[in-house]
Amino acid sequence: MKKQKKSQKNIIQVISKYSIKVIPNSKHAEIIEEETGALRIKLKAKPQEGEANKALINLLADHFKVKKRDVKILTGFTSRSKIVEITID
């Protein structure tokens, strides 16, 4: 059995945490950056059965050009105030 050498790459990951205020059931989706660095995010989705959380993850993934799996809601699953972690490779 031959052993294969794995090439090691220097991988740099940037992990950012954002404080987010979600406004569900809005007319249109948008991201507003406040002076404090917090984000205010308007979503079309209703806050029922996790629809707004899914829409939030999709919007943030598109905005930061990362995969959906790289966006994680750390706190506030059932609240409008959330802390979200975004990993950028």
Side-chain angles (χ1 to χ4, degrees):
M1 187 169 155
K2 285 187 174 181
K3 290 185 180 178
Q4 294 179 343
K5 284 188 177 180
K6 292 183 180 179
S7 63
Q8 292 190 2
K9 298 179 182 179
N10 292 333
I11 298 174
I12 297 174
Q13 286 185 337
V14 177
I15 299 174
S16 300
K17 290 184 183 176
Y18 292 93
S19 176
I20 294 176
K21 169 83 178 198
V22 175
I23 303 164
N25 213 17
S26 297
K27 290 183 181 179
H28 60 278
E30 71 175 316
I31 298 174
I32 303 164
E33 188 171 350
E34 297 181 350
E35 293 177 9
T36 61
L39 299 175
R40 194 165 38 131
I41 300 180
K42 294 183 178 183
L43 299 171
K44 287 183 176 182
K46 295 181 181 183
Q48 296 172 348
E49 299 177 14
E51 288 180 32
N53 286 339
K54 289 176 190 174
L56 174 66
I57 289 171
N58 289 333
L59 184 64
L60 289 172
D62 287 344
H63 180 74
F64 289 102
K65 296 179 179 31
V66 296
K67 295 179 182 176
K68 289 187 279 187
R69 69 174 183 227
D70 293 332
V71 179
K72 295 182 181 99
I73 299 173
L74 299 178
T75 62
F77 294 100
T78 59
S79 171
R80 292 180 184 211
S81 297
K82 302 177 184 303
I83 296 186
V84 175
E85 178 181 88
I86 300 171
T87 305
I88 301 170
D89 289 331

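Looking at heavy atoms from C-beta onward, V84 lies out of side-chain contact with L39 at the 4.5 angstrom threshold.
For K67, the side chain to side chain contact (heavy atoms under 4.5 Å, CB included) criterion is met by R69, D70, not counting sequence neighbours. Evaluation of the salt bridge (Lys or Arg N to Asp or Glu O under 4.0 Å) rule for E34 yields R40 as partners, not counting sequence neighbours. Listed by chain and number, the residues in a side chain to side chain contact (heavy atoms under 4.5 Å, CB included) with K68 are I57, N58, A61 (sequence neighbours excluded).
I88 and I31 fall within a single hydrophobic cluster, where Ile, Leu, Val, Met, Phe, Trp and Tyr side chains are chained together by heavy-atom contacts under 4.5 Å. By the criterion of side-chain heavy atoms lying less than 4.5 angstrom apart, applied directly or through intervening Ile, Leu, Val, Met, Phe, Trp or Tyr residues, L56 is grouped together with F77 in one hydrophobic cluster. I23 and I20 fall into different hydrophobic clusters, where Ile, Leu, Val, Met, Phe, Trp and Tyr residues are linked whenever their side-chain heavy atoms come under 4.5 Å apart, directly or through other members.
When all heavy atoms of A45 and A55 are compared, the pair lying nearest together is CB-CB, 3.8 Å.
Residue pairs meeting the ring pair (Phe, Tyr, Trp, His ring centres under 6.0 Å) criterion with at least one member in residues 44-72, sequence neighbours excluded: Y18-F64. Listed by first then second residue, pairs satisfying salt bridge (charged side-chain N to carboxylate O under 4.0 Å, His left out) with a partner in residues 42-65 read E30-K42, not counting sequence neighbours. The list of side-chain hydrogen bond (donor to acceptor under 3.5 Å, both in side chains) pairs with a residue in residues 80-89, not counting sequence neighbours, reads Q13-D89, N53-K82.
With values rounded to the nearest 0.5 angstrom, I41 atom CD1 is found 6.0 Å from L59 atom CG. Rounding to the nearest 0.5 Å gives a distance of 12.0 Å between CD1 of I83 and CD1 of I73.
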